[in-house]
Amino acid sequence: MTTATDVDDLDAVFAALSHRTRRAIVTRLAQGDATVGELAEPFDLTPQAISHHVGILRRCRLVLQRVDGQRRPCRLNTERMLELSGWITEQQREWESRLDRLEEHLASVRAKRA
C-alpha cells in the first residue's frame, strides 16, 4: 500500500492542490458529496474542465467517485486527508523540535558571552 510519505505520492498530492480550482473543489467536497455539474456551478468552467480537475484529484486519491444510476457523485476521501494531515503534523513536530534545539543553543551561546 502506498503511504502519504512516499515522495512521488506527496508530489502528486501537492501538485494537485497547487491549483486553486482543485483546492476549491476539495473545500466544496468537505461540505458534502457533489456531482461534477454541481461542482462546476460556481466556476466559469465547463463541466468537462471540472471533470478534468476531479480526475487529477481522483488519481492522487483525494476524491472518490461512485456510480449512482445516472449520477456520479464525488466525495472527499477523508481517510486520505487524515493520512496527509498526519504527515504534515510529523513535519511540524520535527521543525518545532529543531527550532527548540536552536533556541537552546543560542541561549547557551549568549550565556557564555555574558
Does [X] reach the side chain of [Y], with side-chain heavy atoms less than 4.5 Å apart?
| X | Y | answer |
| --- | --- | --- |
| Val109 | Arg113 | yes |
| Val63 | Ile56 | no |
| Leu62 | Ile25 | no |
| Leu76 | Met81 | yes |

Heavy-atom pair with the smallest gap, counting every atom of [X] and [Y]:
| X | Y | value |
| --- | --- | --- |
| Ala16 | Arg22 | O-NE, 2.7 Å |
| Val54 | Cys74 | CG1-SG, 3.8 Å |
| Gln65 | Arg72 | NE2-O, 3.1 Å |
| Ala40 | Pro47 | CB-CA, 4.2 Å |
| Leu45 | Ala49 | CB-CB, 4.1 Å |

Can you tell me how far [atom2] of [Y] sits from [atom1] of [X], rounded to the nearest 0.5 angstrom?
| X | Y | atom1 | atom2 | answer |
| --- | --- | --- | --- | --- |
| His53 | Arg23 | NE2 | CZ | 11.5 Å |
| His52 | Thr46 | NE2 | OG1 | 10.5 Å |
| Gln92 | Glu94 | CD | CD | 12.0 Å |
| Glu83 | Asp9 | CD | CG | 7.5 Å |
| Asp100 | Glu104 | CG | CD | 6.5 Å |

Original post:
Does the side-chain contact (heavy atoms from CB on, under 4.5 Å) test come out yes or no for Asp11 and Asp6, once each step is laid out?
Top reply: CA-CA 9 Å; Asp11 288 349; Asp6 292 339; over 6 Å; no
**OP:** Give a yes-or-no answer on whether the side chains of Arg93 and Ser97 include a donor-acceptor pair shorter than 3.5 Å.
**Re:** no
Quick check: is [Y] connected to [X] through a chain of hydrophobic side chains (ILVMFWY, heavy atoms under 4.5 Å apart)?
| X | Y | answer |
| --- | --- | --- |
| Leu10 | Ile88 | yes |
| Leu57 | Phe43 | yes |
| Phe14 | Val26 | yes |

Just wondering, more than 12 heavy atoms not from [X] lying within 6.0 Å of its [atom1]?
| X | atom1 | result |
| --- | --- | --- |
| Glu103 | CD | no |
| Glu79 | CD | no |
| Arg20 | CZ | no |

Original post:
Step by step, would you call Thr21 with Ile50 a side-chain contact (heavy atoms from CB on, under 4.5 Å)?
Top reply: CA-CA 8 Å; Thr21 300; Ile50 294 298; 4.1 Å; yes
**OP:** Start with the C-alpha gap between Leu39 and Thr35, add the side-chain angles, then the distance that decides, and say whether side-chain contact (heavy atoms from CB on, under 4.5 Å) holds.
**Re:** CA-CA 6 Å; Leu39 292 171; Thr35 64; over 6 Å; no
**OP:** Please report the C-alpha distance between Glu38 and Arg71 in whole Å, then the side-chain angles of each, then the deciding distance to 0.1 Å, and finally whether the side-chain contact (heavy atoms from CB on, under 4.5 Å) criterion is met.
**Re:** CA-CA 11 Å; Glu38 292 165 340; Arg71 297 172 32 100; 4.1 Å; yes
Check: [Y] main-chain N/O paired with [X] side-chain donor or acceptor under 3.5 Å:
| X | Y | result |
| --- | --- | --- |
| Arg80 | Cys60 | yes |
| Arg58 | Leu64 | no |
| Ser51 | Gln48 | no |

**OP:** Inspect the contact between Asp68 and Arg66 and indicate whether a charged nitrogen and a carboxylate oxygen are less than 4.0 angstrom apart.
**Re:** yes
